[in-house]
A.B. asks: 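Pasting a structure below so you can have a look.
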Amino acid sequence: MGNAVIAIHGGAGAITRAQLSQAQEQRYIEALSSIVETGQRMLEAGESALDVVTEAVRLLEECPLFNAGIGAVFTRDGTHELDACVMDGITLKAGAVAGVSHLRNPILAARLVMEQSPHVLLVGEGAEKFAVDHGMESVSPDIFSTPERYQQLLTARGANDIVLDHASPLDESSKTGTVGAVALDKAGNLAAATSTGGMTNKLPGRVGDSPLPGAGCYANNANVAVSCTGTGEVFIRTLAAYDIAALMDYGSLSLAEACERVVMEKLPALDGSGGLIAVDREGNVALPFNSEGMYRAWGYAGDAPSIGIYRE
Ligand code: ASP
């Protein structure tokens, strides 16, 4: 197999050239390039798709530009509740955490749930206790806070709105997104990972699509690996990530056709805004979105990476 490839996203929303200064744009491009290149190097070295997507999402969580881990958005009560999921296309095993506030890297906790528990999804305090029992550090939720995100909360509260990290009425220059990664490794295995702070001003206790296998994250070696970003409730109702796989499987659609159907038809029909990244078992990559922009990057092992922010 010579098609080893990784794609990553940093969230979708109302991102236009006019809203980002050149300096801001450069910061995103540098962050996306460095993380996708790390993934490409890992694939080139023969590492597994599962390890590659976990590491890419961990790095995205560490980057304050994106709404996951450090830089996560605030709930209505001014708290942080983080969600993450990882899925292995070989075994169809998945692990996820939702509503966690004290774990620096929710994606590592999701991986622990997948590998060290008989369960798929753990929430809140139970998830945190499980992760700490398995060696993760419990951190103060303050580490996730950034002044930009707090300002977003105040703006959203003022507008009485629950908003995507990139959606109006917020100042786009200070917003960024949910993160995710999908990869095909040299052995032909697929994996997907997604992590998020959710949506600004969400009700405490709200869980979005990101930690739900089939909604915001899905991988199956038989066809495709998918990671989504956007208005989570609609991605849940349409099972968007699994729908891509189902259209390819039952409907024999190509990756591009399945993406067109879900992202450009089915999601907008329910007012769903956002996009997804996907790689199929042949190494074809798709990064469709129906919003104005989506932070994204992809690259084959050994090639130069490609970066995108706006609609072309
Ligand atoms: N899908 C995420 C959620 O609803 C938000 C996002 O992608 O920005 O929690």
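Atoms within each ligand, like the ligands themselves, are counted from 1 in listed order. We number each residue from 1, following the sequence as shown.
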A.B. asks: Enter the distance from Leu50:CG to Met87:CE here, rounded to the nearest 0.5 Å.
C.D. replies: 11.0 Å
A.B. asks: Check the side chains of Asp142 and Ser145 for a donor-acceptor pair under 3.5 angstrom, ignoring hydrogens and angles.
C.D. replies: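 Per modelled atom types, Ser145 and Asp142 side chains form no pair under 3.5 Å.
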A.B. asks: Just which atoms of ligand 1 are under 4.0 Å from any heavy atom in Gly198?
C.D. replies: 5 (C), 9 (O)
A.B. asks: Where on Ala12 is there a heavy atom closer than 4.0 Å to ligand 1, on the side chain, on the backbone, on both, or on neither?
C.D. replies: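 None of Ala12 does.
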A.B. asks: Is Asp209 close to ligand 1, meaning an N/O of one under 3.5 Å from an N/O of the other?
C.D. replies: yes
A.B. asks: Under the side chain to side chain contact (heavy atoms under 4.5 Å, CB included) rule, what do Met199 and Glu233 come out as? Steps first, then yes or no, please.
C.D. replies: CA-CA 10 Å; Met199 292 173 70; Glu233 280 70 11; 4.1 Å; yes
A.B. asks: Ligand 1 and Arg206, any nitrogen or oxygen pair closer than 3.5 angstrom?
C.D. replies: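 Yes, Arg206 has an N/O under 3.5 Å of an N/O on ligand 1.
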A.B. asks: Counting only heavy atoms from other residues, nucleotides and ligands, does the tally under 6.0 Å from CD of Gln22 exceed 12?
C.D. replies: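 It does not: Gln22 CD has 12 such atoms or fewer within range.
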A.B. asks: Check whether the ring centres of Tyr295 and His9 lie less than 6.0 Å apart, and answer yes or no.
C.D. replies: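 Between Tyr295 and His9, the centre distance exceeds or equals 6.0 Å.
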A.B. asks: Judged by non-hydrogen atoms, does Gly230 sit under 4.0 Å from ligand 1?
C.D. replies: yes
A.B. asks: Under 4.0 Å from a heavy atom of Ser210: give me the atoms of ligand 1 that qualify, with their elements.
C.D. replies: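 Per the distance check, 1 (N), 2 (C).
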A.B. asks: Look at ligand 1 and say whether Gly216 reaches it with a heavy atom at a distance under 4.0 Å.
C.D. replies: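 It does not; every heavy atom stays at 4.0 Å or beyond.
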A.B. asks: Does this structure show an ion pair linking Asp51 with Arg111, if we count only N-O contacts that are shorter than 4.0 Å?
C.D. replies: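 Between Arg111 and Asp51 there is a salt bridge, with a charged N closer than 4.0 Å to a carboxylate O.
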A.B. asks: Do Glu61 and Ser195 get their side chains close enough for a donor-acceptor pair, meaning under 3.5 Å?
C.D. replies: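 Yes - a donor-acceptor pair under 3.5 Å links their side chains.
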A.B. asks: With heavy atoms of Thr229 as the reference, note each atom of ligand 1 found under 4.0 Å away.
C.D. replies: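 Answer for ligand 1: 6 (C), 7 (O), 8 (O).
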A.B. asks: Met199 to ligand 1: N or O pair under 3.5 Å?
C.D. replies: no
A.B. asks: Do any nitrogen or oxygen atoms of Asn67 lie less than 3.5 angstrom from nitrogen or oxygen atoms of ligand 1?
C.D. replies: no
A.B. asks: When you compare ligand 1 with Thr178, is there at least one nitrogen or oxygen pair between them that comes in under 3.5 angstrom?
C.D. replies: yes
A.B. asks: Could you verify whether a donor N or O on one side chain and an acceptor N or O on the other, from Ser227 and Thr194, lie under 3.5 Å apart?
C.D. replies: yes
